[in-house]
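These notes are about the structure you will find just below.
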Number of protein chains: 2
Amino acid sequence: MSRRNAPKSVVKRLPVYLRILDSLIRRDVEIISSRVLSEETGFTAEQIRKDLAYFGAFGTRGTGYNTSYLREKLLRIIGLDRQTKIIVVGFGHLGKALTRYNVSKNPYVDIIGVFDINPEELHTDIPDLKIHSMEMLPEVILADQVKVAMITVPADVAQSVVDLLVDNGVTAILNFAPTKINVPEHVYVHNADLTIELQSLIYYSLEDEKQPEPE
Amino acid sequence: MSRRNAPKSVVKRLPVYLRILDSLIRRDVEIISSRVLSEETGFTAEQIRKDLAYFGAFGTRGTGYNTSYLREKLLRIIGLDRQTKIIVVGFGHLGKALTRYNVSKNPYVDIIGVFDINPEELHTDIPDLKIHSMEMLPEVILADQVKVAMITVPADVAQSVVDLLVDNGVTAILNFAPTKINVPEHVYVHNADLTIELQSLIYYSLEDEKQPEPE
DNA sequence: TATAGTGTGTTAAAATGATAACAATATTTG
DNA sequence: CAAATATTGTTATCATTTTAACACACTATA
């Protein structure tokens with residue numbers, strides 16, 4: 001089960017498959033075909049089969065996929081077979097919303113702490129959540145061997161926060177700050193810049209051709 | 001200046017260029033080369049030139065791009081030359097965070113209203129923001145000819161909300177609900193499922209090869 | 001006003017990703 | 001138990017996207 005050579009586009013679809021499987025298992029569905037999976041996910045059946053083929057052969061020809069078995073395999077492939085420890089840096093409104101959302105809806109991750117420059121001014125109703133000052137960052141990361149971080153800090157401090165994270169062993173960052181950040185080769189950054197998503201969406205809201213310019 | 005044939009991947013980079021140009025103009029930089037733009041954005045210079053070429057020729061050979069001129073062109077291409085009217089459906093923590101963020105940081109859009117099933121229980125410190133009940137949706141959309149919506153509602157009601165939006169003329173939807181939604185051909189949906197982003201990130205946090213299974 | 005230098009725009013090649021076709025294998029049915 | 005049906009896994013084809021190459025245009029300078 002090699003993980004190395006799967007395209008990014010494939011990896012981004014795996015959690016979608018996982019979610020559908022979770023839902024099917026809750027409904028006591030035991031066998032599922034790629035065609036039905038296709039209807040549930042919106043991806044084509046061919047694409048689903050090819051995506052899974054990057055990691056192995058998990059189905060039975062003529063029958064389909066066992067939902068529980070495929071789920072187990074996907075969990076292992078994605079790396080969710082053990083709960084992943086995560087930190088959130090920046091506990092403004094977005095950081096708070098993301099934290100709350102994942103604590104309640106994402107059983108595969110464990111947000112072990114959040115960080116902010118002035119933790120004493122903040123409070124939260126999220127149970128068991130610790131709000132740390134930035135000075136505590138290295139200590140907490142090292143203690144729990146945290147590899148994954150979400151950052152929702154202002155653009156002008158994003159790079160310094162990222163440097164701090166990387167220095168202490170973080171290898172994957174979900175960046176909500178509206179700025180490009182530089183990291184070493186071995187660190188993976190995914191930019192989730194919501195302003196940019198919204199702006200590129202506006203492009204598609206304008207139907208058909210623009211008028212040629214008056215010049 | 002045709003807009004029809006530009007790939008999605010290109011369209012998603014345009015707002016990044018725009019942001020960098022805004023920043024350059026604030027610093028009184030008047031001319032910029034694709035190479036310097038490359039350093040600022042993280043995309044290659046070749047890619048930037050090719051991206052722009054989908055829409056026209058905006059630079060001067062031997063010199064570079066005039067920042068203000070290119071900004072104007074990009075605004076027009078993306079459709080940000082007039083402020084875009086937007087609504088947000090679902091005013092939970094995520095909806096609130098997104099609304100606040102765009103009101104304060106995204107001058108190109110105008111969030112004209114937010115909707116929630118129980119608006120009377122909600123309150124906000126965002127100035128000039130109206131919280132409507134869901135019943136008001138058609139009226140508000142039609143009155144302001146709204147084409148763009150963000151939805152942050154629970155998964156189980158997402159499809160019905162989307163149907164309502166589409167029926168009233170919305171043509172572009174930024175979907176934060178963790179579910180697939182079906183829309184007619186002419187409507188564009190961008191899924192911004194933050195759980196999925198996070199889970200696919202975890203894949204990359206595990207360095208190198210997984211152990212082969214004991215089997 | 002020719003020449004060297006710089007940097008765009010366009011065309012060509014390579015890489016990546018998606019779609020389609022089909023052979024292999026299981027299940028069901030008469 | 002043979003034939004028909006269903007569905008995977010794999011290989012081949014096609015489309016898209018990125019990278020590279022280079023001709024063309026402008027600027028500065030002597």
Next item on the list: If the plane angle is over 60° it's perpendicular, under 30° parallel, otherwise tilted; pick one for A/Tyr188 and B/Tyr204.
Entry: parallel
May I have the distance from [X] (atom [atom1]) to [N] (atom [atom2]), rounded to whole angstrom?
X	N	atom1	atom2	value
B/Tyr65	C/dG7	OH	C1'	8 Å
A/Leu37	D/dA6	CG	C1'	16 Å
A/Lys12	C/dA18	NZ	P	12 Å
A/Tyr17	D/dT8	OH	P	13 Å
B/Asn66	D/dT27	CG	C1'	16 Å
A/Ile31	D/dA6	CD1	P	17 Å
B/Leu52	C/dT10	CG	C1'	13 Å
B/Arg35	C/dT6	CZ	C1'	10 Å

Next item on the list: Can you establish whether the number of heavy atoms outside B/Arg27 located under 6.0 Å from its atom CZ is more than 12?
Entry: yes
Item checked: Minimum-distance pair of heavy atoms, taken over all atoms of A/Thr179 and A/Ala158 -> CG2-CB, 3.7 Å
Checklist line | Where B/Pro107 and B/Gln83 come nearest, the two heavy atoms and their spacing | finding: O-NE2, 3.0 Å
Check: Do B/Val89 and B/Thr152 come within less than 4.5 Å of each other through their side chains, counting heavy atoms only?
Finding: no
Check: Any side-chain heavy atom of B/Asn102 within less than 4.5 Å of one from A/Leu194?
Finding: no
Notebook entry, point to check: Pick one: which of B/Asp28, B/Leu37, B/Ile32 meets side chain to side chain contact (heavy atoms under 4.5 Å, CB included) with B/Thr67?
Noted result: B/Ile32
Check: A/Asp193 and salt bridge (charged side-chain N to carboxylate O under 4.0 Å, His left out): which partner among B/Lys12, B/Lys105, B/Arg19?
Finding: B/Arg19
Item checked: Salt bridge flag under 4.0 Å for residues A/Arg13 and A/Asp51 -> yes
Note to self: Strictly below 4.0 Å, N to O, side chains only: are A/Arg35 and A/Glu39 in salt-bridge contact?
What the structure shows: yes
Margin query: Using 0.5 Å steps for rounding, measure from the OH atom of B/Tyr203 to the CD1 atom of A/Ile77.
Written below: 8.0 Å
Please write out each protein N/O paired with an N/O of nucleotides 15-22 of chain D under 3.5 Å, distance rounded to 0.1 Å.
from	atom 1	to	atom 2	distance (Å)
D/dT18	OP1	B/Arg13	NH1	3.3
D/dT18	OP2	B/Ser9	OG	3.4
D/dT18	OP2	B/Arg13	NH2	3.0
D/dT18	O5'	B/Gln47	NE2	3.4

Check: Between the axis at one end of the helix from C/dT1-D/dA30 to C/dG30-D/dC1 and the axis at the other (five pairs apiece), what's the angle to 10 degrees?
Finding: 10°
Within the sub-3.5 Å range, which N or O atoms of nucleotides 26-30 of chain C have a protein N or O partner, and how far apart are they?
from	atom 1	to	atom 2	distance (Å)
C/dA26	O4'	A/Arg61	O	3.0

Notebook entry, point to check: Can you find a side chain N or O atom of A/Ser34 that sits less than 4.0 Å from OP1 or OP2 on D/dT7?
Noted result: no
